[in-house]
Amino acid sequence: MVNFQLSERQQLIRETVRKFAQQAIAPKIAEWDDQEYFPAELFREMGKLGLTGLTVPEEWGGAGLTYLDMVEAIMALAEIEPGIALSIAAHNSLATNHINLFGSTHQKQRWLIPLAKGEWIGAWALTEPDSGSDAASLRTRATRKGNTWILNGTKIFTTHGKSADLIIVFARTGNNKYDITAFGIERGTPGLRPGRKERKLGMRTSETTEVILENCEVPDEWRIGKIGEGFQQAMEVLDGGRIGIAALAVGTALGAYHHARQYATERQQFGKPIGLFQGIAFQLADMYTEIEVARLLTYRAAREKDEKGYAGKWASMAKLYASEMALRVTSAAIQIHGGYGFIREYPVEKFYRDARLLTIGEGTSEIQRLIIAKALLKEIGYSPSPTTQS
Ligand SMILES: Cc1cc2nc3c(=O)[nH]c(=O)nc-3n(C[C@H](O)[C@H](O)[C@H](O)COP(=O)(O)OP(=O)(O)OC[C@H]3O[C@@H](n4cnc5c(N)ncnc54)[C@H](O)[C@@H]3O)c2cc1C
């Protein structure tokens, strides 16, 4: 069972993150969003708060928190600024957690400690121009040359593809579909360079770029885990990542809801606050009810992860429901603001734009439904053919 009461530690995390976000992030949001500026310099500050190594054990420089704690931190950050919360979610759940789960002792010393402390920024590059939901069809190739590997290929939509100090790259190392291996590649390695920085609808404070590998030579000691294990590693990493995106969705929706509720008490039409009209009051009631359902499902997935190490269908259900809920709630927040909701000066239009990513990144809603359905059928002994997804 999930304990619905926040622990003292979770309350402290929520308050600390909210205070930091209100002081260091809130005054800059409009400017950063407008300029599509990714504030990489914030990472060191967030590192001091433990936000860059949330679930990494303390011996490796992390905060040693549980997934239940982690979701609280991401929700609190997203409530103020979803773009930076996306960056923190990707840095923690994808790049850093990949090394935490599968890195060698040497790799943990060299990479995990600076990543967890926020001295380094991490990126995780799976998606390619012709390979998204069908992640195992990726084309980037790594060819063995003595004690090194030569990598060639193009990754797209990589969060922190330009600013990262370490990029986890997935490459084909054999001729079968799942012959995929993960490599850590440090910034400045010859043959590794960022490509185009994407201009985006939302999440504009989070950097998204291409990553280009041209005869990029890396030592075998930068290979993560065994040859051919990369795809399985990616799926395990995404299992935790999706809980982070569910938390991000809950926080994004809460941020929009708070603005809408406040506005409903201030805006007067027909001689009274619009919140006194049942049509608006019912929208607020539905919004908050849905947010709480998504929050409980996210806690359920986090608890599953903490207790069993694998959240499976719970992570996908939380990600699916919370992200689709965030689209409905942020849209309703605009409706409650009327015309002002459509104007940049009011924060709800940004929450609406940011929320649009959530049903796509780390596996689309359609892919989550495939994963959930597959798990449900497996429970009665029916195993359909494998699906692949990112
Ligand atoms: C802002 C942003 C940040 C990102 N960050 C990262 C990152 O850091 N690292 C990384 O590796 N990737 C990242 N991604 C990529 C993201 O994970 C992919 O965009 C996502 O997995 C979908 O892949 P795709 O865009 O190729 O869409 P496609 O796979 O081409 O899907 C197109 C449509 O077809 C549907 N579809 C596909 N297959 C099926 C099926 N079998 N059944 C039903 N419907 C299907 C999809 O649901 C979707 O609606 C990021 C993307 C964005 C936009």
Side-chain angles (χ1 to χ4, degrees), residues 33 36 38 78 82-98 115 121-140 153-164 166-171 180 182-185 194-213 230-231 233-242 244-245 248-249 252 315-316 319-320 323-324 326-327 350 353-374 384-390:
D33 176 61
E36 305 198 30
F38 165 57
I84 293 168
L86 172 67
S87 272
I88 279 295
H91 169 90
N92 273 281
S93 307
L94 301 180
T96 305
N97 196 37
H98 199 121
L115 285 169
I121 296 176
W124 195 82
L126 180 66
T127 307
E128 299 186 358
D130 296 318
S131 158
S133 300
D134 184 9
S137 67
L138 62 84
R139 290 188 186 163
T140 295
T154 300
K155 298 291 180 177
I156 58 164
F157 302 159
T158 309
T159 302
H160 311 145
K162 181 165 179 273
S163 299
L166 181 79
I167 306 187
I168 315 295
V169 170
F170 296 85
I180 292 168
F183 297 86
I185 309 185
R196 188 182 65 219
K197 181 181 172 196
E198 303 296 350
R199 304 202 57 211
K200 306 198 295 285
L201 170 73
M203 299 293 194
R204 289 150 62 113
T205 59
S206 177
E207 175 187 276
T208 312
T209 76
E210 287 178 330
V211 172
I212 296 166
L213 298 139
F231 186 77
Q233 290 176 5
M235 295 304 111
E236 280 183 52
V237 165
L238 285 168
D239 185 64
R242 287 172 182 145
I245 301 294
L248 180 49
T252 303
S316 288
K319 201 261 176 191
L320 170 66
S323 61
E324 300 211 331
L327 298 192
K350 179 175 177 298
R353 288 186 287 109
D354 290 342
R356 199 62 198 83
L357 181 265
L358 301 167
T359 60
I360 298 168
E362 298 199 29
T364 62
S365 287
E366 291 74 22
I367 294 303
Q368 302 315 316
R369 289 187 172 94
L370 287 177
I371 297 170
I372 297 162
K374 188 176 147 192
S385 59
T387 50
T388 60
Q389 65 282 313
S390 71

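Each ligand, and each atom within it, is numbered from 1 in the order the structure gives. FYI, side chains are in, hydrogens and waters are out, and symmetry mates aren't considered; it's all heavy atoms of this structure.
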Worksheet entry | From the candidates Asp130, Ile367, Ile156, the one that places a heavy atom nearest atom 39 (C) of ligand 1 | Ile367

Worksheet entry | Where Leu248 and Met203 come nearest, the two heavy atoms and their spacing | CD2-CE, 4.3 Å

Worksheet entry | Those atoms of ligand 1 less than 4.0 Å from some heavy atom in Leu357 | 1 (C), 2 (C), 52 (C), 53 (C)

Worksheet item: Stepwise, does the salt bridge (Lys or Arg N to Asp or Glu O under 4.0 Å) test hold for Asp354 with Arg204?
Response: CA-CA 8 Å; Asp354 290 342; Arg204 289 150 62 113; over 6 Å; no

Worksheet item: Which one holds for Thr159 and ligand 1: side chain close, backbone close, both close, or neither close, with close meaning a heavy atom under 4.0 Å?
Response: both

Worksheet entry | Stepwise salt bridge (Lys or Arg N to Asp or Glu O under 4.0 Å) test for Lys162 and Glu207 | CA-CA 8 Å; Lys162 181 165 179 273; Glu207 175 187 276; 5.3 Å; no

Worksheet item: Can you find a non-hydrogen atom of Met203 under 4.0 Å from ligand 1?
Response: no

Worksheet item: Going by the angle between their ring planes, with limits at 30° and 60°, are His160 and Phe38 parallel, tilted or perpendicular?
Response: parallel

Worksheet entry | Heavy-atom closest contact (Trp124 atom, Thr158 atom, distance) | O-CG2, 4.0 Å

Discussion item. Looking at every non-hydrogen atom in both residues, tell me the closest pair between Ala326 and Ala249 and how far apart they are.
Written reply: CB-O, 3.7 Å

Discussion item. Does ligand 1 come near enough to Leu94 that some N or O of the ligand is less than 3.5 Å from an N or O of the residue?
Written reply: no

Worksheet entry | Which atom of Ala135 lies closest to which atom of Phe231, heavy atoms considered | CB-CE1, 4.1 Å

Practice prompt. Looking only at non-hydrogen atoms, find the nearest pair between Asp239 and Ala315 and report the distance.
Written response: O-CB, 3.3 Å

Worksheet entry | Any N/O pair Thr158/ligand 1 closer than 3.5 Å | no

Fill in: Atoms in ligand 1 with a heavy atom of Glu362 nearer than 4.0 Å
17 (O)

Practice prompt. Grab the two heavy atoms, one from Ser87 and one from Ser206, that are nearest each other, plus how far apart they are.
Written response: OG-OG, 3.1 Å

Worksheet, complete the sentence: Counting from 1 in the order shown, the ligand 1 atoms closer than 4.0 Å to a non-hydrogen atom of Thr208 are 1 (C)

Worksheet, complete the sentence: Within 4.0 Å of some non-hydrogen atom of Thr364, the atoms of ligand 1 are 22 (C), 46 (C), 47 (O)

Worksheet item: Going by distance only, is there an N or O of Leu126 that falls short of 3.5 Å from an N or O of ligand 1?
Response: yes

Worksheet entry | Sub-4.0 Å atoms of ligand 1 with respect to non-hydrogen atoms of Ser133 | 23 (O), 28 (P), 29 (O), 31 (O), 37 (C), 38 (N)

Discussion item. Checking contacts here: is it the side chain or the backbone of His160 that comes within 4.0 Å of ligand 1, counting heavy atoms only? Could be both or neither.
Written reply: neither

Worksheet item: Any N/O of Asp134 closer than 3.5 Å to an N/O of ligand 1?
Response: no

Worksheet item: Is the shortest distance from a heavy atom of Leu370 to ligand 1 less than 4.0 Å?
Response: yes

